[in-house]
Peer 1: 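Handing you a structure now.
Quick note: residue numbers are just sequence positions, from 1. Owing to the predicted nature of the structure, the values given are computational and were not obtained by experimental measurement.
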Amino acid sequence: MAARKSIRTGKNSVAAELAPPLVAHVETPPQPVGPEAVAEIFARLSALNPEPRAELVYRDPYTLLVAVVLSAQATDRSVNLATAPLFAVADTPEKMLALGEERVRDFIRTIGLFNTKAKNVIALSEILVECHGGTVPRSREALEILPGVGTKTASVVLNVAFGVETIAVDTHIFRVSNRIPLVVAPTTDKVQAGLEAIVPAPYRLNAHHWLILFGRYTCKARRPECPRCPVNDLCRYPSKTV
């Protein structure tokens, strides 16, 4: 093999070789807690809030569907402020269509992505009227073909409006699940499947609410409030706050 040549810079000679690659330190996540700990975690969350409720304000499955579609990349508070006057004049698909896209846009202008969301609200309302008699379907397949409705939105509607034992994974639940950890997975759909497989039956209906409220107010993204966390002793998160 040919000898490695050297590169001369002024009077100094340095070997011509590649610099070592940069390697970032990645914290290895702990193993998920076991079945007994999972049951205890939900027992404690249940004891603290026996009847959790969604923070979005709605009247029925249709207004819930619209509110959840509007809540993408927006806070529940901002959505509630916009939907209060909107639902006062249009709380059915028929009334929403009569209102029209431009008027809907005016009502939700304070919410992010309001142009696209207004189009989706009108489009899904049209499909509900033409294909479902103006009612919100109870099947995931029918929900997920509606404009602006994905897996998370469909799961919220199925769970909250129709009492289906499914867990809609948003950014809060995704973080909490990977942090405790309950389920370690790289995508929301895998976290959802994992949670629905391990959450004990008595807690499955309300698990979505408990986890989202826990992530929103206690296990926060930037600085989790570990000292007042009700499951601190069961959580394996290595970077707890003091």
Peer 1: Between the main-chain N or O of Cys226 and the side-chain N or O of Asn232, is there a donor-acceptor pair closer than 3.5 Å?
Peer 2: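 Yes, Asn232 side chain to Cys226 backbone: donor-acceptor pair under 3.5 Å.
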
Peer 1: State the CZ-CG distance between Arg216 and Asp170, to the nearest 0.5 angstrom.
Peer 2: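 The distance works out to 7.0 Å.
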
Peer 1: With a 3.5 Å distance limit and no angle check, can you tell me whether Asn115 reaches the backbone of Arg105 through a side-chain donor-acceptor pair?
Peer 2: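 No.
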
Peer 1: Phe87, Leu128: one ILVMFWY side-chain cluster at the under-4.5 Å cut-off?
Peer 2: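 Phe87 clusters together with Leu128.
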
Peer 1: Please check this pair: side chain of Thr218 against backbone of Cys229, looking for a donor-acceptor N/O pair closer than 3.5 Å.
Peer 2: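 Side chain of Thr218 to backbone of Cys229, a donor-acceptor pair under 3.5 Å: no, none is there.
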
Peer 1: For the OG atom of Ser125 and the NZ atom of Lys95, what is their distance to the nearest 0.5 Å?
Peer 2: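 Rounded to the nearest 0.5 Å, the OG-NZ separation comes to 12.5 Å.
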
Peer 1: Rounded to the nearest 0.5 Å, how far does OH of Tyr62 lie from CG of Asp91?
Peer 2: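 Asp91 CG to Tyr62 OH: 8.5 Å, rounded to 0.5 Å.
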
Peer 1: For Ala67 and Val79, work out which heavy atoms get closest and say how close.
Peer 2: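 Looks like O-CG1, 3.7 Å.
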
Peer 1: Does Arg236 use its side chain to pair, donor to acceptor, with the backbone of Gln31 at less than 3.5 Å?
Peer 2: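 Side chain of Arg236 to backbone of Gln31: a pair is present.
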
Peer 1: Using every non-hydrogen atom in the two residues, find where Pro93 and Val129 come nearest and quote the distance to one decimal.
Peer 2: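 Answer, listing the atom of Pro93 first, then Val129: CB-CG2, 3.6 Å.
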
Peer 1: Could you tell me the separation between the SG atom of Cys235 and the CG atom of Leu182, rounded to the nearest 0.5 Å?
Peer 2: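 With rounding to 0.5 Å, SG (Cys235) is 9.0 Å from CG (Leu182).
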
Peer 1: Just by distance, do the side chain of Arg179 and the backbone of Pro224 share a donor-acceptor pair under 3.5 Å?
Peer 2: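 It does not hold such a pair.
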
Peer 1: Find the distance between CG (Leu86) and CE (Met96) and round it off to the nearest 0.5 Å.
Peer 2: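 Going from CG on Leu86 over to CE on Met96, the span is 4.5 Å.
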
Peer 1: Between Leu99 and Leu97, is there shared hydrophobic-cluster membership here, with clusters defined by ILVMFWY side-chain heavy atoms closer than 4.5 Å?
Peer 2: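 Same cluster.
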
Peer 1: Is the count of non-hydrogen atoms from other residues, nucleotides or ligands lying under 6.0 Å from Arg223 atom CZ greater than 12?
Peer 2: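 Result for CZ/Arg223: open.
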
Peer 1: Parallel, tilted or perpendicular for Tyr203 and Trp210, by the 30°/60° rule?
Peer 2: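 Perpendicular: the ring planes of Tyr203 and Trp210 meet at over 60°.
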
Peer 1: If hydrophobic clusters are built from ILVMFWY residues whose side chains come within less than 4.5 Å, do Leu65 and Leu113 share one?
Peer 2: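 Cluster IDs for Leu65 and Leu113 differ.
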
Peer 1: Is it true that, when you exclude Arg77 itself, more than 12 heavy atoms of the residues, nucleotides or ligands shown sit nearer than 6.0 Å to its CZ?
Peer 2: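 No - once you tally the heavy atoms of other residues, nucleotides and ligands closer than 6.0 Å, there are 12 at most.
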
Peer 1: Which atom names give the shortest non-hydrogen contact between Cys219 and Val176, and what distance separates them?
Peer 2: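 Heavy-atom minimum between the residues: CB-CG2, 3.9 Å.
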
Peer 1: What distance do Leu70 atom CG and Asn120 atom CG have between them, rounded to the nearest 0.5 Å?
Peer 2: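 With rounding to 0.5 Å, CG (Leu70) is 9.5 Å from CG (Asn120).
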
Peer 1: Please lay out, stage by stage, how Gln192 and Ser155 fare under the test side-chain hydrogen bond (donor to acceptor under 3.5 Å, both in side chains).
Peer 2: CA-CA 10 Å; Gln192 177 172 340; Ser155 294; 3.3 Å; yes

Peer 1: Is the backbone of Ala98 close enough, under 3.5 Å, to the side chain of Arg103 for a donor and an acceptor to pair up by distance?
Peer 2: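 Pair absent, no side-chain N/O of Arg103 close to backbone of Ala98.
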
Peer 1: Is any side-chain heavy atom of Tyr58 less than 4.5 Å from a side-chain heavy atom of Val160?
Peer 2: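 Tyr58 reaches Val160 side chain to side chain.
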
Peer 1: For Val231 versus Phe214, what's the shortest heavy-atom pair and its separation?
Peer 2: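 Scanning both residues completely, I find the closest heavy atoms to be CG2-CZ, 3.9 Å.
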
Peer 1: Check whether any side-chain heavy atom of Pro202 sits under 4.5 Å from a side-chain heavy atom of Phe42, and report yes or no.
Peer 2: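 Of all side-chain heavy-atom pairs linking Phe42 with Pro202, none is under 4.5 Å.
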
Peer 1: Can you find a pair of side-chain heavy atoms, one from His209 and one from Asn49, that are under 4.5 Å apart?
Peer 2: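 Side-chain contact under 4.5 Å: no.
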
Peer 1: Strictly distance-based, threshold 3.5 Å: is any side-chain N or O of Lys117 a donor or acceptor partner for the main-chain N or O of Gly112?
Peer 2: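 Between the backbone of Gly112 and the side chain of Lys117 there is a qualifying donor-acceptor contact (under 3.5 Å).
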
Peer 1: Are any non-hydrogen side-chain atoms of Asn80 and Leu56 less than 4.5 angstrom apart?
Peer 2: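 Sidechains of Leu56 and Asn80: in contact.
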
Peer 1: Where is the tightest heavy-atom contact between Ile173 and Ala168, given as atom of each residue plus distance?
Peer 2: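 In this case the closest contact between Ile173 and Ala168 is CD1-O, 3.1 Å.
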
Peer 1: Report whether Ile41 and Val199 are members of the same hydrophobic cluster (ILVMFWY, side-chain heavy atoms less than 4.5 Å apart, transitive linking).
Peer 2: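 Both belong to a single hydrophobic cluster.
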
Peer 1: Kindly say whether Asp76 contributes a backbone atom to a donor-acceptor pair with the side chain of Ser71 at under 3.5 angstrom?
Peer 2: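 No; judged by distance alone, with no hydrogens or angles, the pair does not exist.
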
Peer 1: Given side chains that start at C-beta, do those of Val121 and Ile108 come closer than 4.5 Å, heavy atoms only?
Peer 2: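 Not touching, per the 4.5 Å side-chain cut-off.
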
Peer 1: Measuring only between side-chain heavy atoms, which start at C-beta, is Val157 closer than 4.5 Å to Val149?
Peer 2: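 Contact flag for Val157/Val149 side chains = no.
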
Peer 1: Test side chain to side chain contact (heavy atoms under 4.5 Å, CB included) on Asn178 and Val191; report intermediate values, then the result.
Peer 2: CA-CA 8 Å; Asn178 278 280; Val191 167; 3.8 Å; yes

Peer 1: Any side-chain heavy-atom pair from Leu213 and Leu45 closer than 4.5 angstrom?
Peer 2: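 With C-beta onward as the side chain, the pair stays apart.
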
Peer 1: Would you say Val184 and Val169 are hydrophobically clustered, going by side-chain heavy atoms of ILVMFWY under 4.5 Å?
Peer 2: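 Different clusters: Val184 never reaches Val169 through Ile, Leu, Val, Met, Phe, Trp or Tyr contacts under 4.5 Å.
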
Peer 1: Give a yes or no on whether the backbone of Leu158 and the side-chain of Arg140 come within a donor-acceptor separation of less than 3.5 Å.
Peer 2: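 Checked: no pair found.
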
Peer 1: State whether Arg204 and Glu196 are salt-bridged, where the test is any N-O pair (Lys NZ or Arg NE/NH1/NH2 against Asp/Glu carboxylate O) under 4.0 Å.
Peer 2: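 No, Arg204 and Glu196 are not salt-bridged.
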
Peer 1: Taking the side chain as every heavy atom from C-beta outward, state whether Thr241 and Glu225 have any atom pair closer than 4.5 Å.
Peer 2: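 No, every pair of side-chain atoms sits at 4.5 Å or beyond.
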
Peer 1: Would you say Ser78's side chain and Ile111's backbone share a donor-acceptor pair under 3.5 angstrom?
Peer 2: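 Flag not set: sc Ser78 to bb Ile111 has no pair under 3.5 Å.
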
Peer 1: Apply the test side chain to side chain contact (heavy atoms under 4.5 Å, CB included) to residues Thr153 and Val69: give CA-CA distance (whole Å), side-chain angles for both, the deciding distance (0.1 Å), then the verdict.
Peer 2: CA-CA 7 Å; Thr153 298; Val69 167; 4.2 Å; yes

Peer 1: Do you know which two heavy atoms are closest between Val38 and Pro200, and how far apart they sit?
Peer 2: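 Result for this residue pair: CG1-CD, 3.9 Å.
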
